Amino acid sequence: MFDSVPPAPPDAILGLNESFQRDDRPGKVNLTVGVYKDESGVTPILDAVKQAERLLVDRETTKSYLSMGGDPEFNRQVRALLLGEQNPAIAEGRAVTIQTPGGTAGLRVAADFLVRNQLSSRIWCSNPTWANHHNVFRSAGLETDGYEYLDESGTRLDAAAMLESLQSIPAGDVVCLHGCCHNPTGVDPSLDDWKRVIEIAQKRRWLPLIDLAYQGFGDGLESDAQVVRRFVESGLELIVVHSYSKNFGLYAERTGAVTLVAESNTAATTAESQLKSAVRANYSNPPKHGAAIVATILSDDVLRRQWLGELATMRERIRKLRSELVAGLAARIADRDFSFIESQRGMFSFSGLTPLQVDQLKSEHAVYIVRSGRINIAGLNASNLDRVCDAIAAVV
Ligand code: LMR
């Protein structure tokens, strides 16, 4: 039976990571998958995380299953992180949260919830979007389509085209929005643009599904939640998928959440029961460890402060690397302006490099970036920056 199964195409991001591991050229540089690396090229375990783990070793009394919706304390803490402690939607019981194994499973559960309850059959993603969005949504049975995002340069937002595109999306469809630090481009709409997006959502009556995987990596923990909070203030119903892979460095612990905000608390409670039913059909209940770490840090003033400091260090380092990359490219390439890299936000930069140039970076210089031209800025450091700038200068 299995003889007839064709090989799956390599994954656009994780597949490259695998070919990087197989490459034995010295000095190779991996700027593909979105993981933060420190100056020595290591993805560190945050000190706040290590300390929380020590506390957990002492405090944990059982490894019995969590409930389908996960750890209630984690859910309460991350909902407040997302919406703000005093958000009326929380007090009114209109915001419900379930823990999920990372943001990816959160997206899948949200999509299953929409399909199983016949709420929608189509979702619109920015063009471009995270390489796995279409894959996850289609696997759940949603049809996917795209809305305009970038201008001709491929490195800046075309706000007018995006808004026009969003205007034409029919009522009842779902629109996937990146709450901050757009993946793969690093290009975010301004708060004025978001105001228009909210007005359009209200008028056109499509449902926002906000993917928020980089809270704290853009301008700060609170600023990066502004877009979600404005949507909630506007009275719109929405779903937010939240990830703690990046901001807590918990990649392998698969720690995420889905928060659904409804018009009434009865609608929210009923929706929560359906989200849990989708969980049961997928993985029964979520893993415990990552969520326990996040809940421990967020509920302890000292650990929380320490985490905020470590998050700020990661954010500031990425900003510094953006400036260094721009300066390095300016020194080598006189006739092309790369200053847009500094106004992009989060881990990634859409560089404007063509697939051919990306292939040359890999084959001739052992510098790996995603074929769309996405560079993981957080993978740069003092020892590889010159090599990367030289390689880019050679291929453009
Ligand atoms: C990325 O975009 O590189 C990350 O979100 C990791 C992944 O799973 O693709």
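Whatever order the structure lists them in is the order used to number ligands and atoms, beginning at 1. What you see is a predicted model; the values in this text were computed from it and never measured.
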Judged by non-hydrogen atoms, does N132 sit under 4.0 Å from ligand 1?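 Under 4.0 Å: no for N132.
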
Contact between ligand 1 and H133 is defined here as a heavy atom of the residue under 4.0 Å from a ligand atom; is it met? no

Identity and separation of the nearest protein heavy atom to atom 8 (O) of ligand 1: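 That would be W130 CZ2, 3.6 Å.
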
At less than 4.0 angstrom from any non-hydrogen atom of [X], what atoms of ligand 1 do you find?
X    : result
V33  : 3 (O), 6 (C)
K246 : 4 (C), 5 (O)
R374 : 1 (C), 2 (O), 3 (O)

Checking [X] side chain against [Y] main chain: does a donor-acceptor pair fall under 3.5 Å?
X    : Y    : result
N87  : L83  : yes
S284 : R280 : no
R315 : G216 : yes

For L14 and ligand 1, does the shortest N/O to N/O distance drop below 3.5 Å? no

Please state whether the rings of W307 and F248 are parallel, tilted or perpendicular, taking 30° and 60° as the class boundaries. parallel

Give a yes or no on whether a salt bridge exists between E237 and R205, defined as a side-chain N under 4.0 angstrom from a carboxylate O. no

Can T259 and H242 be counted as having a side-chain donor-acceptor contact under 3.5 angstrom? no

Does N183 approach ligand 1 within less than 4.0 angstrom via side chain, backbone, both or neither, non-hydrogen atoms only?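 The part of N183 near ligand 1 is the side chain, not the backbone.
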
